Amino acid sequence: MVGHKIRLGVNIDHVATVRNARGGFYPDPVKAALVAQKAGADGITAHLREDRRHIKDDDIERLMAEISIPLNFEMAATEEMLTIATKHKPASSCIVPEKREELTTEGGLDVIGAYDHLKGYIAKLHEAGVSVSLFIDPDEKQIKASKELGADKIELHTGSYVDASDKDREYELERLRKGAAYSAEIGIEVHAGHGLNYETVEAVAAISEFTEFNIGHFLIGESIMVGLEKAIDQMRKLMDQGRG
Ligand code: PXP
């Protein structure tokens, strides 16, 4: 049976990673966002990290000015990010835990541990008209606390499922199923993301309560695999043309 279509948010952080490897302007994550928009993405996700290792402040400014689909602004719950989010007013913000030494967002936010801080923080984002999502593990207590905090939605971290060994994969998928079902039961919109790829996306998409996926690293990596041949052809053509 075909259920409701799942929205796809394309995370363009790693276009900026490649750009920053040379310190210039190419490839431009905003241009990639426009390509994603043209290709049917429902939204663009960008994570402005404290250390600005990929997306930079200017990228957020340009994304807000140039894309017409919603921007999902991923951020840590810091004062600095609150100032930026309330200035730009993206359609939504996704609050994630952030550790300086991590390679990527390693686990969900501890909503229970940070309850008091998040309460005021979410209220300030709401005052600015920014919808709030909390990135959490598929844990009933964290989901319940997110709802009580007044978050508009949650995003369940799919990393444990994606990285699971064959032995644990069904267990991790079941945690996502239970988490998604519980979210729907208590009335909070539920999204999913992290590490999703061609091998793992279908099983997660079969969970009918999920309304949106945010996918980045795999899509940017795969675009090298499907695009490199075309880029080499063009380079060869220009080389041959130059030679006359
Ligand atoms: N959702 C959230 C909240 C994230 O932090 C990330 C990674 O930035 C993603 C989705 C996308 O994960 P990936 O790049 O592994 O597809």
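None of these values were measured; they are calculated from a predicted model. Atoms within a ligand are numbered from 1 in the order they appear, just like the ligands themselves.
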Among all protein heavy atoms, pick the one closest to atom 8 (O) of ligand 1 and tell me residue, atom and distance. N11 ND2, 3.3 Å

Considering only heavy atoms of I215, which atoms of ligand 1 have at least one such atom less than 4.0 Å away? 16 (O)

What are the atoms of ligand 1, with element, lying closer than 4.0 Å to any heavy atom of E155? 1 (N), 2 (C), 3 (C), 10 (C)

Starting from atom 11 (C) of ligand 1, what is the nearest protein heavy atom, named by residue and atom, and what distance separates them? N214 O, 3.7 Å

Ion pair D51/R53, N-O distance below 4.0 Å: yes

Below 4.0 angstrom, N of the basic side chain to O of the carboxylate: do E174 and R177 qualify? yes

In ligand 1, the atoms that come under 4.0 Å of a heavy atom of H217 are 13 (P), 14 (O), 16 (O)

What is the closest protein heavy atom to atom 7 (C) of ligand 1, and at what distance does it sit? H194 CD2, 3.8 Å

Assign the ring pair H157 / F135 to parallel, tilted or perpendicular, where the plane angle (0 to 90°) is split at 30° and 60°. parallel

Report yes if L196 has an N/O atom closer than 3.5 Å to an N/O atom of ligand 1; otherwise report no. no

Heavy atom of the protein closest to atom 16 (O) of ligand 1 (residue, atom name, distance): G216 N, 2.7 Å

Which atoms of ligand 1 sit under 4.0 Å from any heavy atom of G195? 12 (O), 13 (P), 15 (O), 16 (O)

Should we say atom NZ of K178 is surrounded by more than 12 heavy atoms from elsewhere, each under 6.0 Å from it? no

Could you pull out, from H191, H47, E74, H14, the option with a heavy atom nearest to atom 6 (C) of ligand 1? E74

When you check the gap from the basic side-chain N to the acidic O, do E172 and R175 get nearer than 4.0 Å? yes

Is atom OH of Y115 surrounded by more than 12 heavy atoms (other residues, nucleotides or ligands) closer than 6.0 Å? yes

Of D152, L134, I154, the one forming a side chain to side chain contact (heavy atoms under 4.5 Å, CB included) with I188 is I154

Out of all atoms in ligand 1, which are within 4.0 Å of some heavy atom of V96? Include the element for each. 3 (C)

Exercise: identify the closest heavy-atom pair between V96 and L109: C-CD1, 3.8 Å

